[in-house]
Amino acid sequence: MISVAPVAGPEPLVPEELAEDVAKCIDLGAGICHLHCKTREGVLTPDITNMTEALDMIRAKRDVVIQVSTGGISDMDIVQRCNPLDYKWAESGSLNGGSTNLGEAVYVNSFDDIRYCAGQCYEKNVIPEIEVFDIGMINNMKLVFEEVPYRTPVWFNLVFGHKGGMQPTIEALAAFRSFVPEGCLWGVTHFGRDNWTFLAAAIAMGASLVRIGFEDSRFLSNDRDAVYNYELVEKLVRLVREMDLEVASPDEVREIISSVKKIR
């Protein structure tokens, strides 16, 4: 599965421009679109209007699995952060597994926050992608799932590269992967990516998903950054196919991540 996260943290979210780029990403092999709730100027907001407009435009052009974000550094509380889960076409949503340092900022996700977001995903029938920034967050989710209803398969996104978090080394990836519970799906995000080898290693180790896009890095090659997100998707798809694998269509993504059982 390829997820495209097309808008970098401080950059504006302009629906008209975004829809064209994401449509090309989907044509090339992206099955998921991951989007934060932002204003046209790029500020995180509890108002889902601009995000909704962008996602409606994308859906009008192409079929894709919509994944809304409940995260990002802001002064919003968890109730406001979960507003994107109200988008009627949201099929997946991010569920952050704990607190961490992101650069110079502290990204706060208390156990109450995690429980609330997990509960909202369950109530709204949105499949959570659990964002974990260190190994301890995997155990956090085990504790939360003893208290809050959830669906299987559980789906982890192992996030590397943020200052204050796990760094993108093969040793860290192997250690992190070893703590993912048996039977769970897992994928990777490489924030600040300046190579393709880490993503290739994750794929070789059995990752079900790789995230790519301007939210994490524009790096295309040693001498060029991408101008459009679809350039990154195109190169990632070539990498996947060179490894004798194939990318999942949106419908295949739905089959992979769909709930097979409700717990509690």
Side-chain angles (χ1 to χ4, degrees), residues 3 5 9 32 34-38 44-48 51 65-102 105-160 162 164-166 176-177 179-189 191 208-209 211 215 256-264:
S3 175
I32 302 170
H34 170 93
L35 200 62
H36 286 259
C37 188
K38 301 170 69 175
L44 290 169
T45 175
D47 182 355
I48 69 172
M51 181 200 74
V65 174
I66 299 296
Q67 182 181 88
V68 295
S69 174
T70 64
I73 301 293
S74 73
D75 59 1
M76 290 188 288
D77 60 31
I78 192 60
V79 175
Q80 294 170 316
R81 284 169 49 187
C82 285
N83 284 351
L85 299 174
D86 290 329
Y87 178 60
K88 64 180 179 179
W89 299 112
E91 298 180 66
S92 177
S94 62
L95 171 57
N96 295 280
S99 300
T100 188
N101 291 342
L102 289 185
V106 178
Y107 187 29
V108 178
N109 293 283
S110 68
F111 272 107
D112 281 345
D113 291 343
I114 301 169
R115 283 188 287 262
Y116 179 84
C117 186
Q120 288 295 296
C121 287
Y122 186 86
E123 290 177 17
K124 298 177 188 300
N125 200 32
V126 172
I127 299 170
E129 180 188 72
I130 304 166
E131 316 287 342
V132 286
F133 298 83
D134 66 50
I135 288 171
M137 292 185 188
I138 294 177
N139 189 62
N140 289 354
M141 298 312 304
K142 179 182 178 181
L143 297 175
V144 167
F145 287 152
E146 291 175 354
E147 306 174 38
V148 178
Y150 71 101
R151 297 171 177 83
T152 59
V154 176
W155 176 20
F156 289 100
N157 178 20
L158 313 182
V159 182
F160 297 83
H162 283 279
M166 295 284 287
F176 213 148
R177 169 65 186 88
F179 280 85
V180 175
E182 185 177 354
C184 294
L185 300 174
W186 68 278
V188 294
T189 291
F191 181 82
S208 298
L209 173 136
R211 195 172 93 175
E215 182 175 331
I256 293 168
I257 69 172
S258 62
S259 305
V260 297
K261 183 169 59 174
K262 295 182 181 181
I263 307 297
R264 294 170 60 84

Student: Does Tyr116 OH have over 12 foreign heavy atoms under 6.0 Å away?
Tutor: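 Above 12, so yes.
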
Student: List the residues meeting side chain to side chain donor-acceptor pair (under 3.5 Å) with Thr70, not counting sequence neighbours, and say none if there are none.
Tutor: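 Result, side chain to side chain donor-acceptor pair (under 3.5 Å) vs Thr70: Ser94.
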
Student: Would you sort out whether Phe191 and Leu102 count as a side-chain contact (heavy atoms from CB on, under 4.5 Å), showing the intermediate values?
Tutor: CA-CA 11 Å; Phe191 181 82; Leu102 289 185; over 6 Å; no

Student: Measure the shortest side-chain to side-chain distance between Met51 and Pro84 over non-hydrogen atoms and say whether it is less than 4.5 angstrom.
Tutor: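 The answer is yes, as the side chains (C-beta and beyond) meet within the 4.5 Å cut-off.
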
Student: Applying ring-ring contact (aromatic ring centres under 6.0 Å, His included), name anything that partners Phe160, two or more places apart in sequence or on another chain.
Tutor: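 Phe160 satisfies ring-ring contact (aromatic ring centres under 6.0 Å, His included) with Phe176, Phe198 only.
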
Student: Tell me the closest heavy-atom pair linking Pro153 and Leu185, and the distance in Å.
Tutor: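 So the two residues come closest at CG-CD1, 4.0 Å.
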
Student: State, to 0.1 Å, how close Asn109 and Arg81 come at their nearest heavy-atom pair, and which atoms those are.
Tutor: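 Here Asn109 and Arg81 meet closest at OD1-NH2, 2.6 Å.
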
Student: Mind checking what makes salt bridge (Lys or Arg N to Asp or Glu O under 4.0 Å) contact with Arg177, not counting sequence neighbours?
Tutor: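 Expected list: none.
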
Student: Could you give the distance from CD1 (Ile78) to CE (Met76), rounded to the nearest 0.5 Å?
Tutor: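 Between Ile78 CD1 and Met76 CE, I get 9.5 Å after rounding to 0.5 Å.
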
Student: Could you tell me whether the side chain of Met141 reaches within less than 4.5 Å of the side chain of Val154, counting heavy atoms only?
Tutor: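 When only atoms from C-beta onward are counted, Met141 and Val154 do not touch, as no gap falls below 4.5 Å.
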
Student: Hey, what do you get for CH2 (Trp186) to CD (Glu129), rounding to the nearest 0.5 Å?
Tutor: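 One gets 13.0 Å once the value is rounded to the nearest 0.5 Å.
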
Student: Among all residues two or more places apart in sequence or in another chain, which pass the side chain to side chain contact (heavy atoms under 4.5 Å, CB included) test with Thr45?
Tutor: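 Counting only residues at least two positions away or on another chain, Thr45 forms a side chain to side chain contact (heavy atoms under 4.5 Å, CB included) with Cys37, Thr39, Asp47.
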
Student: Specify the closest pair of heavy atoms between Gly97 and Asn140, including all atoms of both residues, with the distance to one decimal.
Tutor: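 Result for this residue pair: O-ND2, 2.8 Å.
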
Student: Does Asp86 have any salt bridge (Lys or Arg N to Asp or Glu O under 4.0 Å) partners at least two apart in sequence or in another chain, and if so, which?
Tutor: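 Lys124.
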
Student: With sequence neighbours excluded, what pairs up with Tyr87 under the side chain to side chain donor-acceptor pair (under 3.5 Å) test?
Tutor: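 Listed in chain order: Asp56.
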
Student: Could you check whether any side-chain heavy atom of Leu209 comes within less than 4.5 Å of a side-chain heavy atom of Ile32, counting everything from C-beta outward?
Tutor: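 A side-chain contact under 4.5 Å exists here.
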
Student: Would you find a donor on one side and an acceptor on the other, under 3.5 Å apart, between the side chain of Gln80 and the backbone of Asp77?
Tutor: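 At least one qualifying donor-acceptor pair exists.
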
Student: Taking all atoms of both residues into account, what is the closest heavy-atom pair of Phe156 and Cys184, and its distance?
Tutor: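 What the structure gives for the nearest pair is CE1-SG, 3.9 Å.
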
Student: Please name all residues satisfying side chain to side chain contact (heavy atoms under 4.5 Å, CB included) with Asn101, sequence neighbours left out, ordered by chain then number.
Tutor: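 By the side chain to side chain contact (heavy atoms under 4.5 Å, CB included) rule, Asn101 matches Val106.
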
Student: With heavy-atom distances below 4.5 Å as the criterion, would you say the side chains of Thr100 and His162 are in contact?
Tutor: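 Not touching, per the 4.5 Å side-chain cut-off.
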
Student: Report the residues that fulfil side chain to side chain contact (heavy atoms under 4.5 Å, CB included) with Pro128, sequence neighbours left out, ordered by chain and then residue number.
Tutor: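 Testing Pro128 for side chain to side chain contact (heavy atoms under 4.5 Å, CB included), a comparison that skips the adjacent residues, returns Leu95, Cys121.
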
Student: Verify, without hydrogens or angle tests, whether Asp134 (side chain) and Met137 (backbone) share a donor-acceptor contact under 3.5 angstrom.
Tutor: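 Confirmed, Asp134 side chain pairs with Met137 backbone.
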
Student: Can you tell me how far the CG atom of Asn96 sits from the OG atom of Ser69, to the nearest 0.5 Å?
Tutor: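 The CG atom of Asn96 sits 6.5 Å away from the OG atom of Ser69.
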
Student: Give, for atom SG of Cys117 and atom CD1 of Ile130, the distance between the pair rounded to the nearest 0.5 Å.
Tutor: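 With rounding to 0.5 Å, SG (Cys117) is 10.0 Å from CD1 (Ile130).
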
Student: Go through the structure and list residues passing ring-ring contact (aromatic ring centres under 6.0 Å, His included) with His36, not counting sequence neighbours.
Tutor: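 So His36 forms a ring-ring contact (aromatic ring centres under 6.0 Å, His included) with His34.
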
Student: Mind checking what makes side chain to side chain contact (heavy atoms under 4.5 Å, CB included) contact with Thr189, not counting sequence neighbours?
Tutor: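 Per chain and number, Thr189 pairs via side chain to side chain contact (heavy atoms under 4.5 Å, CB included) with Asn157, Val159, Arg211, Asp216.
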
Student: Quick one, Asn125 with Arg151, criterion side-chain contact (heavy atoms from CB on, under 4.5 Å). Give me CA distance, side-chain angles, the key distance, then yes/no.
Tutor: CA-CA 9 Å; Asn125 200 32; Arg151 297 171 177 83; 3.5 Å; yes

Student: For Asn83, which residues count as a side chain to side chain donor-acceptor pair (under 3.5 Å) partner, sequence neighbours excluded?
Tutor: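 With sequence neighbours excluded, Asn83 shows a side chain to side chain donor-acceptor pair (under 3.5 Å) to no residue whatsoever.
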
Student: Using every non-hydrogen atom in the two residues, find where Lys38 and Gly9 come nearest and quote the distance to one decimal.
Tutor: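 Between these two residues, the closest heavy atoms are NZ-O, 2.9 Å.
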
Student: CZ/Arg115 to CG/Asp112 distance, rounded to the nearest 0.5 angstrom?
Tutor: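 Here the rounded value is 4.5 Å.
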
Student: Anything under 30° is parallel, anything over 60° is perpendicular, the rest tilted; go ahead and classify Phe133 against Tyr107.
Tutor: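 Phe133 and Tyr107: perpendicular rings.
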
Student: Name all residues meeting the salt bridge (Lys or Arg N to Asp or Glu O under 4.0 Å) criterion together with Asp75; count only those two or more places apart in sequence or in a different chain, and write none if there are none.
Tutor: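 Here no residue qualifies.
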
